[in-house]
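For reference, the structure discussed in these notes is given below.
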Amino acid sequence: MKSTDKKSTQKTTFKEKQEVVYPLQGVGQVTKIEERMFKDEKLLYYIIYLEVSDMTVMVPVDKAEELGIRAIVSKSESDKALKLLTEDYEPVSSDWKLRYQMNLDLLKSGSVMDIATVVRTLYHRSKVKELPILERKLFDSALKLLVDEVSFSLNKSKEDVEALVFGKLETG
């Protein structure tokens, strides 16, 4: 196959102007889908602008799924994630390093339910004992990721969603 034929074999999952979630980075928008040369081959790339970090990333179309890039969740998925914040939970390990790694692994998965689980776990842990600095940063990141995606999904402001999240955590 000639390198010029490569484009026709690559399927794009996302469209230009579509909002997507990039795990650990947040919500971004596919600004362009374009071909670029890489190692003597033409490859198709998503050009994604991440507003939260004011950064543009190029992701090969055929690596997007592997990297966990996905569409914004539906309204019903957002509602489930918000409901999860009020549910009972298993007590977590008192070893903060183990807890940190478990929560980091959940965040890396990129699922909105896993992100909500990290927010709920660390929020309630912080009510028992102040979080170590790394866990505090992890909580802040998870909260930002959750608020970001849910605000897009529900078409509400980030401030409203953050208030909603803390309201749910307080009643949980």
Side-chain angles (χ1 to χ4, degrees), residues 10-33 44-57 59-92 99-127 131 135-172:
Q10 292 182 300
K11 288 247 190 266
T12 58
T13 307
F14 309 112
K15 302 182 292 279
E16 286 189 12
K17 306 288 181 234
Q18 182 176 353
E19 260 87 24
V20 295
V21 175
Y22 194 133
L24 294 177
Q25 301 297 320
V27 174
Q29 185 182 63
V30 177
T31 56
K32 280 191 269 189
I33 301 171
L44 206 51
Y45 286 87
Y46 292 118
I47 312 299
I48 302 171
Y49 176 68
L50 300 161
E51 184 185 348
V52 71
S53 54
D54 191 25
M55 181 170 65
T56 300
V57 294
V59 178
V61 166
D62 58 358
K63 295 276 188 226
E65 187 177 330
E66 186 183 316
L67 291 170
I69 295 174
R70 60 177 175 76
I72 301 270
V73 293
S74 65
K75 183 183 181 318
S76 68
E77 275 298 299
S78 281
D79 289 340
K80 274 190 221 168
L82 290 170
K83 185 179 184 306
L84 178 99
L85 297 174
T86 64
E87 293 172 1
D88 288 338
Y89 58 95
E90 297 289 312
V92 290
R99 204 172 52 232
Y100 178 81
Q101 192 57 55
M102 287 169 43
N103 285 321
L104 185 59
D105 290 344
L106 281 174
L107 270 193
K108 284 180 184 172
S109 84
S111 120
V112 74
M113 295 304 279
D114 288 346
I115 294 167
T117 300
V118 172
V119 169
R120 178 185 67 186
T121 302
L122 292 179
Y123 175 81
H124 289 296
R125 178 70 190 171
S126 74
K127 293 297 182 197
L131 297 174
E135 269 193 316
R136 180 71 208 180
K137 286 180 176 177
L138 196 64
F139 172 77
D140 291 343
S141 291
L143 179 63
K144 190 159 60 169
L145 292 169
L146 183 65
V147 167
D148 222 18
E149 182 167 8
V150 171
S151 70
F152 274 97
S153 174
L154 300 180
N155 199 18
K156 291 186 175 192
S157 76
K158 289 179 185 174
E159 294 77 20
D160 288 351
V161 171
E162 189 169 318
L164 190 61
V165 165
F166 279 108
K168 301 263 184 203
L169 287 168
E170 290 295 328
T171 60

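Quantities reported herein were computed from a predicted structural model and do not represent experimental measurements.
At least one side-chain heavy atom of Lys158 sits under 4.5 Å from a side-chain heavy atom of Ser151. Between Val30 and Lys15, every side-chain heavy-atom pair lies at or beyond the 4.5 Å cut-off. Residues Leu154 and Asp79 meet the side-chain proximity criterion, which asks for heavy atoms closer than 4.5 Å. Residues Val27 and Val20 form no side-chain contact, since every pair of their non-hydrogen atoms from C-beta on lies 4.5 Å or further apart. Side-chain contact between Leu143 and Phe166 is present, with at least one heavy-atom pair separated by less than 4.5 Å. Taking the side chain as every heavy atom from C-beta outward, Tyr46 and Thr12 approach each other to under 4.5 Å. In this structure, the side chains of Ile48 and Thr56 stay at 4.5 Å or more apart for every pair of heavy atoms. Here the side chains of Met113 and Glu77 are in contact, with some heavy-atom distance below 4.5 Å.
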Could you give me the CA-CA distance, side-chain angles and deciding distance for Leu67 and Tyr22, then say whether side chain to side chain contact (heavy atoms under 4.5 Å, CB included) is met? CA-CA 8 Å; Leu67 291 170; Tyr22 194 133; 4.1 Å; yes
Between Glu149 and Val73, does a side chain to side chain contact (heavy atoms under 4.5 Å, CB included) hold up when you go through it step by step? CA-CA 8 Å; Glu149 182 167 8; Val73 293; 3.3 Å; yes
Could you check Phe139 against Thr121 for side chain to side chain contact (heavy atoms under 4.5 Å, CB included), going step by step and ending with a plain yes or no? CA-CA 9 Å; Phe139 172 77; Thr121 302; over 6 Å; no
Passes side chain to side chain contact (heavy atoms under 4.5 Å, CB included), Leu146 versus Val165? Steps please. CA-CA 9 Å; Leu146 183 65; Val165 165; 4.1 Å; yes
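Using a cutoff of 4.0 Å between basic side-chain nitrogens and carboxylate oxygens, Lys144 and Asp140 are not scored as salt-bridged. Salt-bridge formation is not detected for the pair Lys32/Glu16: no Lys NZ or Arg NE/NH1/NH2 atom is positioned less than 4.0 Å from an Asp or Glu carboxylate oxygen.
In this structure, CG on Leu82 lies 5.0 Å from CG on Leu164, to the nearest 0.5 angstrom.
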